[in-house]
Enquirer: 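Pasting a structure here, questions to come.
It should be emphasised that the depicted structure is a prediction, and the values quoted were computed from it without experimental measurement. Chain A is the first sequence line, chain B the second, and so forth, proteins listed ahead of strands; every chain is numbered from 1.
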Number of protein chains: 2
Amino acid sequence: MSVSIKDVARAAGVSTSTVSRALGKGPVSAEVLRRVESAVAATGYRPNLAARQLRSQRSMAVGLIVADIRNPFFTQLSRAVEDAAYAAGMRVLLCNTDEDPAREAMYLELMAEERVSGLIMTPTRHLSPAALARVDRPVVLVDRAMPETDFDSVVLDNARASAELVDHLVASGRRRIAGLFGSTSATGMERRAEVEAALERHGLPVRSALSLPSFDAGHAALAELLEREMPDALILSNGLFVRAALKLCHERRIAIPGQLAIAGFDDEVWTDLVDPGITVIRQPVEDFGREAMQALLARIGSAKMRPRRVVLAGELIVRGSTAPA
Amino acid sequence: MSVSIKDVARAAGVSTSTVSRALGKGPVSAEVLRRVESAVAATGYRPNLAARQLRSQRSMAVGLIVADIRNPFFTQLSRAVEDAAYAAGMRVLLCNTDEDPAREAMYLELMAEERVSGLIMTPTRHLSPAALARVDRPVVLVDRAMPETDFDSVVLDNARASAELVDHLVASGRRRIAGLFGSTSATGMERRAEVEAALERHGLPVRSALSLPSFDAGHAALAELLEREMPDALILSNGLFVRAALKLCHERRIAIPGQLAIAGFDDEVWTDLVDPGITVIRQPVEDFGREAMQALLARIGSAKMRPRRVVLAGELIVRGSTAPA
DNA sequence: CATGTCACTGCAAACGTTTCCAGTTTCTGG
DNA sequence: CCAGAAACTGGAAACGTTTGCAGTGACATG
């Protein structure tokens, strides 16, 4: 049988209320505090978090809903969120949606049942603001914002990053630039729009495709893209696509950067191990996580703040994959 | 104000017990079930998991304690565990120890407070069986076993994998084989012992070093190792070390496989993107997670089973990094 | 017809906390 | 020395469920 606060109270010769206050931050005499502490040690008492949550109506847990933890971007993000959460005395409930709106809805429901005190998520493009509001808890969106809504968010400066990529490719002599973008997220859409805008500013033709954000889907989409009309540069909107592009080039014996330049988002660990290294926009993922958690805690603290939108700059890292042909 | 089972009961014109049974699996008439369901829909009722857990003394959550989720091995593992857990109607609490025994102890304590119904973990070498037993909950060890104890475990067949690596390197003409192994885990120790045993069977000298399992520590240890006496082949006990070795070779302009062959554990996504590809032992990580969850559920079901030890075979994937010089 | 079984239902007691309230003591300032 | 505030303490009522127990009919069995 598990030892409860009652046993501690008996052992310390005080009431349960007093034990509760001694363990929390209520006012107790030094003498009682000492007795309670040694009673806790003697009995091996461990607070029951469920009882605590039920009574106090606070959960000390936050939800984190991402597409797939195996995507290094989300891996890093989750680690950063977790560190920040545990530092604030909170636990994290992690869920993977696999970009499936049905799973996303299910997990939102679960988070509501868990009565998490807040939620950090990267929504799919198909999530309705209404569904999100139904969760009725503070929410911070990371990486992917929902346009026209009032949720706090932490995102990359996609306009600037996209322009930097395009400008860099143009400077390296590329003129037939194609792009592949994730179809399930607002971010994919945004990057496509920004890349297209940048291309138009240079008076260059616009060639872009969409794909589900998975290695296989990206690989297939790229195969088709290269089939139609061979570009001389490729912009990939996430790390999975970059990897798929590189793999495809190996298979087809396409020379990088000779025949094709490659550049994209996300600086995964291997981008400087391959030859040539890959030119990428490095996203400050750790900062995403930290900022998101910070924003969430602030929102939990005071529900009525104006919605806050944090925009972080990426960093263009130039490597061999985009050297002049 | 949140809607409780009482509101549903009132709306459906039945008692709370009946609602509880209708939602669970108690016997209820079809008529009542219908009324309860529509009452749930009408009121927007969501069960309060804390109350449920408090009353039923079951938590529907399992803990997962790993070294660092950013290590792709643990990323994959956690995803597999989560899928299996959610399929079984359980939630997962994830913790990163960073190989720090103090953090490990802290999270064990947390898991006990959460009253998780079970625990899956990759223990550090410094965790005492006694401390683990104090958690007083079913535990399954993954990837890293604790010798001489009675915990369920799911591990790789390290003896066979190590022998395969050594045999392969010897077959490719290597004679001065060195190894780097993780110092914090039982698995690192085991792989070292097995590699050394295999080398001795070939009558070859034994050259092995230990390092904290991080990229930087591995990189430094390898630099020192190559300094002392240049080997013609390197065995790395995990993916981080493989990456560090490759990076070091790039920096030092060491030709692979010409001057140095490289082989190791963990088939990370980039191992076939670099040139030459890296020869590795692929671990069935998804199976690790699935098996672990399955073992845990079995153990939760019946506490008194004989401890079970699942040993899975790795797969040697030969690539260019170990071609004859 | 009597009896037992079965399916269903409600009452009320937990589960382990926190927190409101009221009470006692001690301190503080005038 | 007194009044009031402040510090500390215990009693008891929640928080939202599940579940043991007992009760009600309906129905089958002998």
Enquirer: Grab the CZ-C1' distance between Arg115(B) and dC15(C) for me, whole Å please.
Expert: 11 Å
Enquirer: Find the bend of the helix from dC1(C)-dG30(D) to dG30(C)-dC1(D) as the angle between its two terminal axes (five pairs each), to the nearest 10°.
Expert: 30°
Enquirer: Which residues pass the salt bridge (Lys or Arg N to Asp or Glu O under 4.0 Å) test with Arg79(A), not counting sequence neighbours?
Expert: Asp83(A), Asp68(B), Asp98(B)
Enquirer: Are side-chain heavy atoms of Leu33(A) and Glu37(A) found at a separation under 4.5 Å?
Expert: yes
Enquirer: side-chain contact (heavy atoms from CB on, under 4.5 Å) with Ser38(A): which residues, sequence neighbours excluded?
Expert: none
Enquirer: dT17(C) C1' sits how many Å from Ile5(A) CD1, rounded?
Expert: 6 Å
Enquirer: List the atom pairs, with distances to 0.1 Å, where a side-chain N or O of residues 285-296 of chain B and a protein N or O form a donor-acceptor pair under 3.5 Å, not counting sequence neighbours.
Expert:
residue, atom, partner, partner atom, Å
Glu286(B), OE2, Gln76(B), NE2, 3.3
Asp287(B), OD1, Arg290(B), NH2, 2.4

Enquirer: Which residues pass the salt bridge (Lys or Arg N to Asp or Glu O under 4.0 Å) test with Arg34(A), sequence neighbours left out?
Expert: Glu31(A)
Enquirer: Measure the shortest side-chain to side-chain distance between Leu23(B) and Tyr45(B) over non-hydrogen atoms and say whether it is less than 4.5 angstrom.
Expert: yes
Enquirer: Starting from C1' on dT18(D), measure out to CG on Leu54(B) and report it in whole angstrom.
Expert: 10 Å
Enquirer: Passes side chain to side chain contact (heavy atoms under 4.5 Å, CB included), Ile5(A) versus Ser20(A)? Steps please.
Expert: CA-CA 8 Å; Ile5(A) 205 173; Ser20(A) 174; 4.0 Å; yes
Enquirer: Where is the tightest heavy-atom contact between Thr43(A) and Ala11(A), given as atom of each residue plus distance?
Expert: CG2-CB, 4.2 Å
Enquirer: Return a table of donor-acceptor pairs under 3.5 angstrom between the side chains of residues 132-141 of chain B and protein atoms on other chains or two or more places apart.
Expert:
residue, atom, partner, partner atom, Å
Arg137(B), NE, Val116(B), O, 2.5
Arg137(B), NH1, Val135(B), O, 3.4

Enquirer: Checking the side chain of Glu114(A) only, and the main-chain atoms of Ser59(A) only, is there a donor and an acceptor separated by less than 3.5 Å?
Expert: no
Enquirer: Taking only N and O in the side chain of Gln57(B), is any of them less than 4.0 Å away from OP1 or OP2 of dG16(C)?
Expert: yes
Enquirer: Which residue is it: Asn96(B), Leu64(B), Thr122(B)? I am looking for the one with a side chain to side chain contact (heavy atoms under 4.5 Å, CB included) to Phe74(B).
Expert: Thr122(B)
Enquirer: How would you list, by chain and number, every residue that makes a side-chain contact (heavy atoms from CB on, under 4.5 Å) with Thr187(A), sequence neighbours excluded?
Expert: Asp143(A), Arg144(A), Asn158(A), Ser185(A), Arg191(A)
Enquirer: Distances under 3.5 Å between protein N/O atoms and the N/O atoms of nucleotides 19-21 of chain C, please, pair by pair.
Expert:
residue, atom, partner, partner atom, Å
dT19(C), O4', Arg55(A), NH2, 3.0

Enquirer: So, for Met90(B) and Ser117(B), which heavy atoms are closest and what is the spacing to 0.1 Å?
Expert: CE-OG, 3.5 Å
Enquirer: Any residue in residues 45-53 of chain B with a heavy atom nearer than 4.0 angstrom to DNA chain C? Just list them by number, or reply none.
Expert: none
Enquirer: So which of residues 22-33 of chain B are in contact with DNA chain C, with a heavy-atom cut-off of under 4.0 Å?
Expert: Pro27(B), Val28(B), Ser29(B), Val32(B)
Enquirer: Would one find a side-chain N or O of Ser4(A) under 4.0 angstrom from OP1 or OP2 of dG16(C)?
Expert: no
Enquirer: Within the sub-3.5 Å range, which N or O atoms of nucleotides 23-29 of chain C have a protein N or O partner, and how far apart are they?
Expert:
none

Enquirer: Which pair of non-hydrogen atoms, one from Arg21(A) and one from Pro27(A), has the smallest distance, and what is that distance?
Expert: CD-CD, 4.4 Å
Enquirer: Could you give the CZ-to-C1' distance, from Arg10(B) to dG10(C), as a whole number of Å?
Expert: 16 Å
Enquirer: On a heavy-atom basis, which atom in Thr124(A) and which in Pro101(A) lie closest, and how many Å separate them?
Expert: OG1-CG, 4.3 Å
Enquirer: Which residues satisfy the salt bridge (Lys or Arg N to Asp or Glu O under 4.0 Å) test with Glu148(A), sequence neighbours excluded?
Expert: none
